[in-house]
Amino acid sequence: MKRLLLHAVAGIMLAPLFTACSKDNGNSDVQELNLTGTTSIQEVNILAADLVGTWNMYSMTSMENTVDFDQDGNRTNDLLLETNCFDPMYFIFKENGGVDTHQARLYFSEATGMFSCQTTGDYSATYEIVDGNELTITFSIDGQQYVETRTISLFTKDNSEFLKVTLTKTETNAAVYVAPDPGNTVASEIQKIEMVYIKQ
């Protein structure tokens with residue numbers, strides 16, 4: 001039986017919310033976003049209006065451990081180099097409080113620990129900003145309503161806008177849309193994931 005370990009939206013906060021990636025962005029660009037090269041950082045007092053628009057995934061990084069999803073012998077922190085599963089993903093925040101997304105899920109085999117990208121889909125949810133930098137998403141799975149909240153920050157660098165979300169393993173395991181990691185998968189070593197999205 002295969003278990004869902006990583007959900008594209010698990011990265012941000014819900015089953016239906018993640019964005020397209022560009023593998024042209026190397027680790028050097030990812031690291032620069034965390035350094036003093038960032039021209040502007042907005043960690044609090046984020047308004048819903050700041051999110052309105054289309055966001056594509058810029059980077060997805062395992063912060064503490066390297067991984068080898070594709071089992072090619074090359075370990076890396078850059079999850080986008082390990083699978084193209086997340087390539088078609090995006091999310092669009094609307095002025096009316098709605099958010100649309102195309103997202104994907106990775107499934108991991110309990111028997112082998114290997115993954116496959118088996119599910120993609122288009123979803124809609126609603127969002128709001130609370131406490132200045134907490135993004136709350138309300139969504140439904142099989143008729144049951146859920147609410148997920150994550151701390152976010154916004155960055156401006158070289159005239160581009162970025163949205164950053166960090167997700168711990170505990171947060172991922174607690175998500176209603178993510179099955180428990182059986183403990184022997186190619187992603188079991190991941191403890192924290194940082195996702196950066198670029199606004200189009």
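Taking CD of E161 as the start and CD1 of I198 as the end, the distance is 9.5 Å to the nearest 0.5 Å. Interatomic distance, Y58 OH to S160 OG, rounded to the nearest 0.5 Å: 8.0 Å. We find the CG-CD1 distance between D50 and I129 to be 8.0 Å, quoted to the nearest 0.5 Å. The CE atom of M195 lies 8.5 Å from the CZ atom of R150; values are rounded to the nearest 0.5 Å. Here the CE atom belonging to M60 is positioned 12.0 Å from the CG atom belonging to L81, to the nearest 0.5 angstrom.
Of the charged side-chain nitrogens involved, at least one lies within less than 4.0 Å of a carboxylate oxygen, so that R75 and E189 count as a salt-bridged pair. E194 has no carboxylate O lying under 4.0 Å from a charged side-chain N of K192, or vice versa, which leaves the two without a salt bridge.
Between I190 and L79 there is a side-chain heavy-atom pair separated by less than 4.5 Å. Residues F162 and K157 have side chains in contact (heavy-atom distance under 4.5 Å, counting atoms from C-beta outward). When side chains are defined from C-beta on, V165 does not count as touching L135, because their heavy atoms never get closer than 4.5 Å. Within the 4.5 Å cutoff, the side chain of D122 has no heavy atoms near those of the D100 side chain. In this structure, M114 and V186 have side chains that are in contact, with non-hydrogen atoms separated by less than 4.5 Å. Considering only heavy atoms from C-beta on, K94 stays 4.5 Å or farther from V99 through its side chain. Side-chain contact between I152 and L163 is present, with heavy atoms from C-beta onward closer than 4.5 Å. Within the 4.5 Å cutoff, the side chain of F139 has no heavy atoms near those of the Y123 side chain.
Under the side chain to side chain donor-acceptor pair (under 3.5 Å) criterion, T151 pairs with E134, not counting sequence neighbours. Residues satisfying the side chain to side chain contact (heavy atoms under 4.5 Å, CB included) test with D72, not counting sequence neighbours, are D68, D70, N74.
Using cut-offs of 30° and 60° on the angle between ring planes, the pair F91 and W55 is parallel. The aromatic rings of Y90 and H102 sit parallel, their planes meeting at an angle under 30°, below the 60° perpendicular limit.
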Start with the C-alpha gap between K164 and F155, add the side-chain angles, then the distance that decides, and say whether side-chain contact (heavy atoms from CB on, under 4.5 Å) holds. CA-CA 8 Å; K164 183 173 80 169; F155 301 83; 3.5 Å; yes
Before giving the answer on side-chain contact (heavy atoms from CB on, under 4.5 Å), spell out for L80 and M57 the whole-Å C-alpha distance, their side-chain angles and the decisive distance to 0.1 Å. CA-CA 9 Å; L80 301 184; M57 187 177 292; 3.6 Å; yes
Would T149 and T136 count as a side-chain hydrogen bond (donor to acceptor under 3.5 Å, both in side chains) here? Give the steps. CA-CA 4 Å; T149 300; T136 296; 2.9 Å; yes
In sequence, state the C-alpha distance, the side-chain angles, and the governing distance for I193 and M63, and then conclude on side-chain contact (heavy atoms from CB on, under 4.5 Å). CA-CA 6 Å; I193 298 174; M63 298 302 292; over 6 Å; no
Derivation and outcome, side-chain contact (heavy atoms from CB on, under 4.5 Å), residues D78 and T61: CA-CA 5 Å; D78 188 344; T61 307; 5.7 Å; no
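Checking side-chain atoms of S62 against main-chain N and O of N65 turns up a donor-acceptor pair under 3.5 Å. Side chain of K199 to backbone of V52: a donor-acceptor contact under 3.5 angstrom is found.
Between F69 and the choices T83, T76, T185, the side chain to side chain contact (heavy atoms under 4.5 Å, CB included) rule is met once, by T83.
The closest side-chain donor-acceptor pair between T66 and N77, if any, does not fall under 3.5 angstrom.
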